> 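Quick one: this structure, given as structure tokens, is what I'll be asking you about.
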Amino acid sequence: QQFLLQGAVNRLLKRKLSMAWEQWQQVVAEMKYQQGLLGSAVTRMLHRRLLMAWGKWPQAEADMKVSKRMGGGGIKRLLNRKSFVVRGEWQENSAEFKEQQIVASGA
């Protein structure tokens with residue numbers, strides 16, 4: 001009878017130990033889950049500006065392309081206009097110089 005009583009007490013103790021172990025595992029799993037949520041929230045807060053910039057870069061790149069295209073065209077037109085003006089002045093000066101040579105050599 002002592003043996004049976006000891007076996008019953010042993011099973012009861014082990015049952016309580018098993019229940020405590022399972023509860024501890026659940027608490028640890030919940031803590032890990034909460035820690036993961038908190039960690040990702042803190043990370044998002046810390047990297048907020050980086051995430052905002054990452055979301056804006058396609059628009060910024062498109063704006064830069066448009067600005068470059070428009071600015072580049074304006075600069076090309078300006079340079080071409082100046083070169084046409086210089087070329088026109090050169091032609092006028094060249095024509096005057098030829099006339100002066102003709103007048104000087106013919107007279």
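Note that the structure is predicted; figures quoted are calculated from it, not measured.
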> Could I get the full list of side chain to side chain donor-acceptor pair (under 3.5 Å) partners for Q6, not counting sequence neighbours?
none
> Inspect the surroundings of CD in Q34 and state if more than 12 heavy atoms from other residues, nucleotides or ligands are less than 6.0 Å away.
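Yes, enclosed.
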> Could you grab the distance from atom CZ of F3 to atom CG of N10, nearest 0.5 Å is fine?
9.5 Å
> List for me each residue that meets side chain to side chain donor-acceptor pair (under 3.5 Å) alongside Q101, sequence neighbours excluded, and say none if there are none.
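Not a single residue meets the side chain to side chain donor-acceptor pair (under 3.5 Å) criterion with Q101.
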> Under 3.5 Å, side-chain donor or acceptor atoms of residues 12-23 against the rest of the protein: list the pairs with distances, not counting sequence neighbours.
none

> Tell me every residue that passes side chain to side chain contact (heavy atoms under 4.5 Å, CB included) with E61, counting only those two or more places apart in sequence or in another chain.
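Listed in chain order: W57, K65.
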> Got a sec, which hydrophobics cluster with W90, joining ILVMFWY side chains under 4.5 Å apart, including via others?
none
> Starting from M31 and following side-chain heavy-atom contacts under 4.5 Å between hydrophobic residues (I, L, V, M, F, W, Y), which residues can be reached?
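Under the 4.5 Å side-chain rule, M31 groups with V27.
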